[in-house]
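Everything quoted here is computed from the prediction, not taken from an experiment. In what follows, chains carry the letters A, B, and so on, assigned in the order in which the sequence lines appear, proteins first and then strands, with residues in each chain numbered from 1.
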There are 4 protein chains.
Amino acid sequence: MARPKSIQTGTILEAARKVFMRDGYQACTARIAREAGVSEGSLFKHFKSKANLFLAAMEVEAGGTAWEERLMAGVGKGDPRKALESAGIHLLEQLRLTLPRLMMVNASGVTIPNHDLPGEIPHPIQKMEVLSRYFTAETRAGRLAMASPRIQAHLFLGALAHYAWCETLFGYRSATPAVYVKTLVDTLLRAAVTLKKREAPK
Amino acid sequence: MARPKSIQTGTILEAARKVFMRDGYQACTARIAREAGVSEGSLFKHFKSKANLFLAAMEVEAGGTAWEERLMAGVGKGDPRKALESAGIHLLEQLRLTLPRLMMVNASGVTIPNHDLPGEIPHPIQKMEVLSRYFTAETRAGRLAMASPRIQAHLFLGALAHYAWCETLFGYRSATPAVYVKTLVDTLLRAAVTLKKREAPK
Amino acid sequence: MARPKSIQTGTILEAARKVFMRDGYQACTARIAREAGVSEGSLFKHFKSKANLFLAAMEVEAGGTAWEERLMAGVGKGDPRKALESAGIHLLEQLRLTLPRLMMVNASGVTIPNHDLPGEIPHPIQKMEVLSRYFTAETRAGRLAMASPRIQAHLFLGALAHYAWCETLFGYRSATPAVYVKTLVDTLLRAAVTLKKREAPK
Amino acid sequence: MARPKSIQTGTILEAARKVFMRDGYQACTARIAREAGVSEGSLFKHFKSKANLFLAAMEVEAGGTAWEERLMAGVGKGDPRKALESAGIHLLEQLRLTLPRLMMVNASGVTIPNHDLPGEIPHPIQKMEVLSRYFTAETRAGRLAMASPRIQAHLFLGALAHYAWCETLFGYRSATPAVYVKTLVDTLLRAAVTLKKREAPK
DNA sequence: GATGAATGAGCCTTCATTCAT
DNA sequence: AATGAATGAAGGCTCATTCAT
């Protein structure tokens, strides 16, 4: 039996993340190795190439689909406002992690190997789909009135994403996350409810 | 009396933009020079360094403030829906140019020399301010009812930005720009109007 | 545990010396690397920059101070002629190494980092001081008669330095080193002795 | 008739000298042009190449042969001490100009085109020859007693050269030029005279 | 003749990657 | 498995030189 691995992949990834986030993709591997407390050789034993390491470091685990299930489970019952707010908070949290990395990858010029993500739909869009399904379902259930759920979903996620974006890029916040999400949900629902109210009398 | 200038700075910037957007900041200057049909030496005669060229290429002229004036001029008169849609279309157009470049700069690891942008407020946030002022003004004029105009502005711009973002990153569009903006404005106004209607009876 | 060092710093320095002496400071590092049988990258691993390498290559170890001690030890005893000839031969040998390098450094335009030689007195002048002290001591001992030992020291070293200089620059020798030194010492001593003889009768 | 030359070659040479002396051969032509108040193009109209300009700038006009003639004219008559001191002062003056430039050229790695100086004997050596002839002549005339005039000449010039050298390189002076030369001549003559005196009694 | 814009070869230096322990 | 010495390809940048007025 050879000697056991004494280097944690996680340690490397953490260091890589930190350095890449600070210096961009042109951060040099030597610095990452130093920051991780590991020899440069080991870096390349654990990850075939710098690009690989970069992608691995920028990868963000899906974060579970619990929120999706919770959201969809609430269709037809409970308070949509609460359901949406809960989902919004969760999404915002996740976007704060996801977006900067996505941005890094996109700006790095590194071409993502297709065989790793075979035709996979990018996360942000997947999320939009989920929201869209929710809106559609509630509309069908007669609890919301939305003319174009898909666009509304885009809009919803967009507002969240932009919040995260402004925060990481400029350190700007128009409100706390909670308030922001609340206002967002409120706006959407008001618009949806109105539609319903108006249509109802007819 | 000397040889006349035969290289347009614009030509270089265009090429640089193209290459940087494709390959990231690590695009090599040789390629940019070739793409611009210019010698590498000339690149550095026109821009002191690669970083300088990069920033110049990513810089996006404000694009005029006509839309701001038009928007604010409409306060109290005319149809807010039309005013917002017009502004929205314009902003979306601009964001499609601005955002990717902003992202590039941020992810490049190039530190922006402070003396160039002395405490300047980043464009996207400036725009949010304008929108916020508009919402506030219309609310004061009694034509809209918004509890927190600043957040609504954030939300409005966020939806637009995310549209541009999804388009450039994933080639995804939930709708045409016109329809998207229309829906966005509609949502906002419905929510705002509702508020007004409800309060009115009281 | 890691790959053992296989490059001797001395090997690089030797090659650098050879090339720099032939081509001047503008010798290219690639050639030095080739001449040393080493990759260009290794050059810069061992010496931070070309200037560093250059200075290190031109640096000439003091060569010991044995001659100084021997010279000063002979004050008052033994034959001054022999002592001076021995010192002269030694100095000439050393100057042949030192002067060309000193010249190179001075003409290279490379600014020597101060922290390396903090106010250090340049070698040739140090040597002049030693000689000066010797002449003074022997004069005090009544074995030589020199009106201005310091100038005589300058003169002595000057004659040696110029011999080395003419040899390296023009390949010119008015005599073999031994004969040259002998004549030089003879000239100095004759002048010194004369003085004594003349004064003695008084 | 074309327009008359309005650029003085002398102006360029002066500037070149200044810059080359400060920065070594790697001084860039642009700076020389600027310092000379001339366009870079003009530099190359006046001198085929940088190396040419460099050599021209480092070239030092012979400075006349008046001193030689004066020296040789004094053979057999007048005070040798005065003649040698006068020649020494003159030579020292000239060496102060010559040596640094010679050093520059030698360290530059620029190979002097042979067809420009076809087999020409370098100045310092020419001078040694003149001195050597003088010493020989005076010895023949019975006014000096030198066993090896050529070596003594080397020694004489060497002492002068080293003075100039120490001055330019280290800013070191053991005495004023006048005193230094005086001491040098004194030393040589004492040695020579002694010889004569001693031999005479025999 | 004088200018300075344009050029492109070449150089120093970095850095991802490999290799010998 | 881990190390860090060694590598060499590549890139940013300079600068001598040419060219079009």
Side-chain angles (χ1 to χ4, degrees), chain A residues 1-7 25-34 37-54, chain B residues 1-7 25-34 37-54, chain C residues 1-7 25-34 37-54, chain D residues 1-7 25-34 37-54:
Chain A
M1 277 278 95
R3 108 217 237 171
K5 286 201 187 190
S6 66
I7 292 181
Y25 181 66
Q26 47 267 88
C28 69
T29 53
R31 162 159 261 168
I32 294 172
R34 201 173 342 122
V38 157
S39 79
E40 211 167 345
S42 296
L43 228 60
F44 285 83
K45 275 272 162 56
H46 286 246
F47 300 90
K48 280 266 202 308
S49 69
K50 184 188 180 186
N52 260 20
L53 169 60
F54 175 69
Chain B
M1 202 179 209
R3 181 176 182 170
K5 291 198 184 194
S6 65
I7 294 179
Y25 181 65
Q26 43 268 95
C28 73
T29 53
R31 169 169 287 235
I32 294 174
R34 206 176 331 125
V38 155
S39 80
E40 208 167 347
S42 294
L43 228 62
F44 286 87
K45 271 266 165 60
H46 286 247
F47 299 91
K48 245 190 270 301
S49 67
K50 184 188 179 184
N52 258 21
L53 169 60
F54 175 68
Chain C
M1 203 181 209
R3 181 178 183 170
K5 289 199 184 193
S6 65
I7 293 179
Y25 181 66
Q26 44 270 92
C28 73
T29 53
R31 168 168 288 235
I32 295 173
R34 206 175 333 124
V38 154
S39 81
E40 210 166 347
S42 295
L43 229 61
F44 286 85
K45 272 267 165 60
H46 286 246
F47 299 91
K48 243 189 273 300
S49 67
K50 183 188 178 184
N52 259 21
L53 170 59
F54 176 68
Chain D
M1 280 277 98
R3 107 218 237 171
K5 289 200 184 186
S6 66
I7 292 182
Y25 181 66
Q26 47 266 91
C28 72
T29 53
R31 163 159 259 169
I32 295 172
R34 203 175 338 123
V38 156
S39 80
E40 210 168 347
S42 296
L43 229 61
F44 285 84
K45 275 273 161 54
H46 286 247
F47 300 90
K48 280 264 202 307
S49 69
K50 184 189 181 185
N52 261 19
L53 170 60
F54 175 69

Which value, rounded to the nearest 0.5 Å, describes the distance between [X] atom [atom1] and [Y] atom [atom2]?
{"X": "D/Lys48", "Y": "D/Leu43", "atom1": "NZ", "atom2": "CG", "answer": "13.5 Å"}
{"X": "B/Ser39", "Y": "B/Lys45", "atom1": "OG", "atom2": "NZ", "answer": "8.5 Å"}
{"X": "B/His46", "Y": "B/Lys5", "atom1": "NE2", "atom2": "NZ", "answer": "6.5 Å"}
{"X": "B/Ile32", "Y": "B/Phe47", "atom1": "CD1", "atom2": "CZ", "answer": "10.0 Å"}

Using the 3.5 Å cut-off, write out each protein N or O paired with an N or O of nucleotides 8-11 of chain E and the distance between them.
from: E/dG8; atom 1: N7; to: B/Gly41; atom 2: N; distance (Å): 3.4

In this structure, how many angstroms lie between the [atom2] atom of [N] and the [atom1] atom of [X], rounded?
{"X": "D/His46", "N": "F/dT17", "atom1": "NE2", "atom2": "C1'", "answer": "16 Å"}
{"X": "D/Phe54", "N": "F/dT17", "atom1": "CZ", "atom2": "C1'", "answer": "19 Å"}
{"X": "C/Arg34", "N": "F/dT7", "atom1": "CZ", "atom2": "P", "answer": "15 Å"}
{"X": "C/Leu43", "N": "E/dC15", "atom1": "CG", "atom2": "P", "answer": "17 Å"}
{"X": "C/Lys45", "N": "E/dC12", "atom1": "NZ", "atom2": "C1'", "answer": "15 Å"}
{"X": "B/Lys5", "N": "E/dT7", "atom1": "NZ", "atom2": "P", "answer": "13 Å"}
{"X": "D/Leu53", "N": "F/dC15", "atom1": "CG", "atom2": "C1'", "answer": "14 Å"}
{"X": "C/Phe47", "N": "E/dT14", "atom1": "CZ", "atom2": "C1'", "answer": "18 Å"}

Minimum-distance nucleotide (side-chain atoms of [X] versus [options]):
{"X": "B/Ala2", "options": "E/dG4, F/dA2, E/dT13", "value": "E/dG4"}
{"X": "C/Arg3", "options": "E/dC12, F/dA16, F/dA6", "value": "F/dA6"}
{"X": "C/Phe44", "options": "F/dT21, F/dT18, E/dT14", "value": "E/dT14"}

If each of A/Tyr25 and C/Tyr25 is mapped to the nucleotide of DNA chain E with the nearest heavy atom, which maps nearer the 5' terminus, i.e. the 5' end? C/Tyr25

Here's a test of your reading of the structure: between B/Pro4 and C/Ser6, which maps to the more 5' nucleotide of DNA chain F? C/Ser6

Closest approach of A/Gln26 to B/Gln26 (non-hydrogen atoms, all atoms of both residues): N-NE2, 4.1 Å

Using a 3.5 Å limit for the pairing distances, which stems of at least 3 consecutive Watson-Crick or G-U wobble pairs does DNA chain F take part in? E:2-21 with F:2-21

With a 4.0 Å cut-off on heavy atoms, is B/Ile7 in touch with a base, just the backbone sugar-phosphate, or nothing at all? sugar-phosphate

Checking B/Leu53 against B/Phe44 for the side chain to side chain contact (heavy atoms under 4.5 Å, CB included) test, could you report, in this order, the C-alpha distance in whole Å, the side-chain angles of both residues, the deciding distance, and whether it holds? CA-CA 8 Å; B/Leu53 169 60; B/Phe44 286 87; over 6 Å; no

Compute both the distance and the angle, then confirm whether C/Lys50 meets the cation-pi test with C/Tyr25: under 6.0 Å from the six-membered ring centre, within 45 degrees of the axis. yes

